[in-house]
Structures are given as structure tokens and as C-alpha cells.
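The first residue in the sequence is number 1, and the count goes up from there. Because only heavy atoms are used, hydrogens play no part in the values below, and waters and symmetry mates are left out as well, while side chains stay in.
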Amino acid sequence: MVEWRPLRTAALRPVPEPTATPFVWAAACAGAFVLAVVLSTLSGPSAPSVALAVLCGFAALLGLPARFTAAPGTALVCWLFLNGFLITPRGELTWQGHPDAARMGLLLAAAVLGTLVARIINAVGAHHRTTPGDGPP
């Protein structure tokens with residue numbers, strides 16, 4: 001006979017609960033604002049590719065504790081700060097077609113990649129914690 005036990009108890013929870021989506025989006029707003037200020041003072045408007053790379057790294061970092069459903073919003077928030085404050089003309093939201101679609105795609109891919117990496121690491125860790133092994137009793 002198989003006895004089913006829920007794994008949601010605190011002691012037996014093999015995978016950490018992801019962070020709530022609104023919290024991730026709030027962190028994206030605050031972090032992207034800080035990064036926009038820092039990048040605009042350090043590099044100016046001449047380095048949009050550096051700003052895109054930094055914001056992609058930030059989106060991937062935000063994806064680590066998040067759910068997959070937070071990725072599109074995180075990418076959108078990062079793109080808004082990138083387009084509005086780091087790419088000329090500053091202070092205006094414009095759509096330039098293919099370049100902005102590529103930027104949005106890169107930001108979305110970074111956020112999804114961060115979440116995917118975290119899920120794989122958590123799954124491997126949960127497998128090691130819940131699978132009986134040859135370790136000490």
C-alpha cells in the first residue's frame with residue numbers, strides 16, 4: 001500500500017516557493033531605475049549596447065527567485081527604462097521596429113533563462129534531498 005504525504009510541509013518542502021510576481025515587478029522597477037541612473041551618469045547615451053547587457057543581466061538575476069509568469073513583466077519594465085532613459089532621445093518612449101523587438105526579445109530571454117536555471121538547480125537539489133542514497137543513516 002502506498003501512503004501519500006504532501007510535500008508542502010516546512011520540513012519536507014524539497015523546492016523553495018517562488019517569489020510573488022508583484023514583488024518581482026516592484027524590484028524590477030526599483031532596480032531598473034537605479035541602473036538607469038548609474039548607467040546614464042557613467043556611460044551617457046553613447047553606449048546603449050552596454051545598457052542592454054546590464055539590464056539583461058539584471059533581468060536574469062530577477063528571474064532566479066521568480067515564477068515564469070513574471071518574466072514578461074520584468075522584460076517590459078526593463079525595456080521601458082532602457083528605451084525611456086538610456087537610448088536617445090531620452091525621456092521619450094519610442095518604438096523603432098526591429099531593434100526594439102530584438103531588445104524586448106533579449107530581455108525576455110534573459111528573464112526566462114534566469115528562471116529556468118533556478119528551476120533546474122532547485123529540481124536537482126530536491127532530487128538529491130528526497131532520493132534515498134548511500135549516505136549516512
Side-chain angles (χ1 to χ4, degrees):
M1 176 111 203
V2 175
E3 180 182 338
W4 293 98
R5 292 187 311 171
L7 292 177
R8 292 186 81 66
T9 60
L12 296 175
R13 180 83 176 133
V15 178
E17 188 70 28
T19 306
T21 301
F23 183 75
V24 173
W25 290 344
C29 286
F33 174 74
V34 169
L35 285 174
V37 169
V38 169
L39 288 171
S40 66
T41 56
L42 291 179
S43 64
S46 62
S49 58
V50 172
L52 178 63
V54 169
L55 283 173
C56 281
F58 179 64
L61 186 67
L62 281 175
L64 291 175
R67 293 179 166 90
F68 280 109
T69 56
T74 302
L76 178 66
V77 167
C78 289
W79 177 82
L80 287 172
F81 278 95
L82 177 70
N83 194 1
F85 298 109
L86 298 172
I87 296 176
T88 55
R90 289 184 173 187
E92 290 183 27
L93 287 177
T94 59
W95 184 260
Q96 298 174 355
H98 294 296
D100 277 328
R103 291 179 190 125
M104 271 295 273
L106 285 172
L107 288 166
L108 181 62
V112 168
L113 182 68
T115 306
L116 185 66
V117 166
R119 294 301 153 256
I120 290 171
I121 290 171
N122 289 336
V124 168
H127 175 73
H128 289 299
R129 284 190 298 272
T130 59
T131 304
D134 295 329

Side-chain donor-acceptor distances from residues 28-35 under 3.5 Å, at least two apart:
none

query: How many angstroms lie between CD1 in I87 and CG in L82, if you round to the nearest 0.5 Å?
result: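 With rounding to 0.5 Å, CD1 (I87) is 4.0 Å from CG (L82).
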
Value rounded to 0.5 Å, distance of OG1 in T74 from CH2 in W79: 15.5 Å

- request: With side-chain contact (heavy atoms from CB on, under 4.5 Å) as the test, would you mind laying out the steps for L52 and L107 before giving the verdict?
  value: CA-CA 8 Å; L52 178 63; L107 288 166; 4.2 Å; yes

message: I want to check something: taking the side chain as every heavy atom from C-beta on, are L86 and P48 in contact at a cut-off of under 4.5 Å?
response: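 No; the side chains remain at least 4.5 Å from each other.
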
Which residues satisfy the side chain to side chain contact (heavy atoms under 4.5 Å, CB included) test with [X], sequence neighbours excluded?
{"X": "I121", "result": "V117"}
{"X": "A71", "result": "L108, A111, V112"}
{"X": "A27", "result": "L62"}

Contact list for residues 107-121, test side chain to side chain donor-acceptor pair (under 3.5 Å), sequence neighbours left out: none

field: Sequence neighbours excluded - side chain to side chain donor-acceptor pair (under 3.5 Å) pairs with any residue from residues 102-114
entry: D100-R103

Could you state whether [X] and [Y] fall into the same hydrophobic cluster, counting links through intermediate Ile, Leu, Val, Met, Phe, Trp or Tyr residues with side-chain heavy atoms under 4.5 angstrom apart?
{"X": "I120", "Y": "L113", "value": "no"}
{"X": "L64", "Y": "V124", "value": "no"}
{"X": "M104", "Y": "W25", "value": "no"}
{"X": "V54", "Y": "L61", "value": "no"}
{"X": "V37", "Y": "V77", "value": "yes"}

query: Should we say atom CZ of F23 is surrounded by more than 12 heavy atoms from elsewhere, each under 6.0 Å from it?
result: no

Atom of A70, atom of V24 and distance for their closest heavy-atom approach: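 Closest approach of A70 to V24: CB-CG1, 4.1 Å.
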
- request: Start with the C-alpha distance between F68 and L116, add both sets of side-chain angles, then the distance that settles side-chain contact (heavy atoms from CB on, under 4.5 Å), and finish with yes or no.
  value: CA-CA 8 Å; F68 280 109; L116 185 66; 4.1 Å; yes

